[in-house]
J.: 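I have a structure here, written as structure tokens, and I will follow up with some questions on it.
As the structure lists them, so they are numbered: ligands from 1, and atoms in each ligand from 1.
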Amino acid sequence: MSQDTDSVTDRVLVLNGPNLNLLGSREPAIYGKETLGEVDALCRDAAATHGLEADCRQSNHEGVLIDAIHEARGAHHGIVINPGAYSHTSVAIRDALAAVHRPVVEVHLSNIHRREPFRHHSHVSAVADAVICGAGSHGYALALAHLAQLVNKEIR
Ligand code: DQA
């Protein structure tokens, strides 16, 4: 944990769940035309403007996502997560986020509340400090701006 204000870059985890590796070609009318690589670059830039370093990861596997969340205990000051479809199904991801005591901002590219009823509930939202949905890839920039505030509050 950094004590210093100006000189240290705090690492945050940006975690994307299943099927988000297909961004750009996957239902672009819903998820946009940007690739995951472009979203990751946007996240690194947005993080840098707030004095953060974004460690961007993606997995299609629930256990790998859970391991990454556990890693955040020692390696990251906060978490931005788009759990994809696991938002709606995974109590295990919810429990992992609750266990690591890090600020969490949940992101969805699409407005899940305007879509099918099965997408309206996210298990993750109950343990997230904030939820941003429907803002497309800009939602990640918004999430990182808010996470920077939360991180500063917690560790300075
Ligand atoms: C999503 C919304 C989920 O319902 C869906 O399963 C995804 C992406 C979003 O970013 O809008 O994979 O999390």
J.: Just need the protein heavy atom nearest to atom 1 (C) of ligand 1, so name the residue and atom and give the distance.
T.: His108 ND1, 3.7 Å
J.: Decide whether an N or O pair under 3.5 Å exists between Ile112 and ligand 1.
T.: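 No; every N/O pair is 3.5 Å or more apart.
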J.: Identify the closest protein heavy atom to atom 4 (O) of ligand 1: which residue and atom is it, and at what distance?
T.: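 Its nearest protein heavy-atom neighbour is His88 NE2, 2.7 Å.
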J.: Using a 4.0 Å heavy-atom threshold (strictly under), name the region of Asn82 that reaches ligand 1: side chain, backbone, both or neither.
T.: side chain
J.: Looking at Arg94 and Glu106, is any side-chain nitrogen of the basic one under 4.0 Å from a carboxylate oxygen of the acidic one?
T.: no
J.: For atom 8 (C) of ligand 1, what's the nearest protein heavy-atom neighbour? Residue, atom name and distance, please.
T.: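 Answer, as residue, atom name and distance: Tyr31 CE2, 3.5 Å.
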J.: Test Pro103 against every option in Ile79, Leu147, Val80 by the side-chain contact (heavy atoms from CB on, under 4.5 Å) rule and name the one that passes.
T.: Leu147
J.: Looking only at protein heavy atoms, which one is nearest to atom 11 (O) of ligand 1, and what is the separation?
T.: Ser110 OG, 2.6 Å
J.: If you measure only the distance, is there a donor-acceptor pair under 3.5 Å linking the side chains of Asn60 and Glu62?
T.: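 Their side chains do not contain a donor-acceptor pair, so the 3.5 Å distance test is not met.
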J.: Is the shortest heavy-atom distance from the side chain of Asn21 to the side chain of Asn16 under 4.5 Å?
T.: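 No. Closest side-chain heavy atoms not under 4.5 Å.
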J.: So which bit of Arg26 gets within less than 4.0 Å of ligand 1, heavy atoms only: side chain, backbone, both or neither?
T.: side chain
J.: Students should be able to answer this: which protein heavy-atom is nearest to atom 9 (C) of ligand 1, and at what distance?
T.: Leu109 N, 3.4 Å
J.: Going through the checks in order, is the side-chain hydrogen bond (donor to acceptor under 3.5 Å, both in side chains) test met by Tyr140 and Asn82?
T.: CA-CA 9 Å; Tyr140 288 86; Asn82 181 347; 3.2 Å; yes
J.: Measure the shortest side-chain to side-chain distance between Val131 and Ser122 over non-hydrogen atoms and say whether it is less than 4.5 angstrom.
T.: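 Not in contact.
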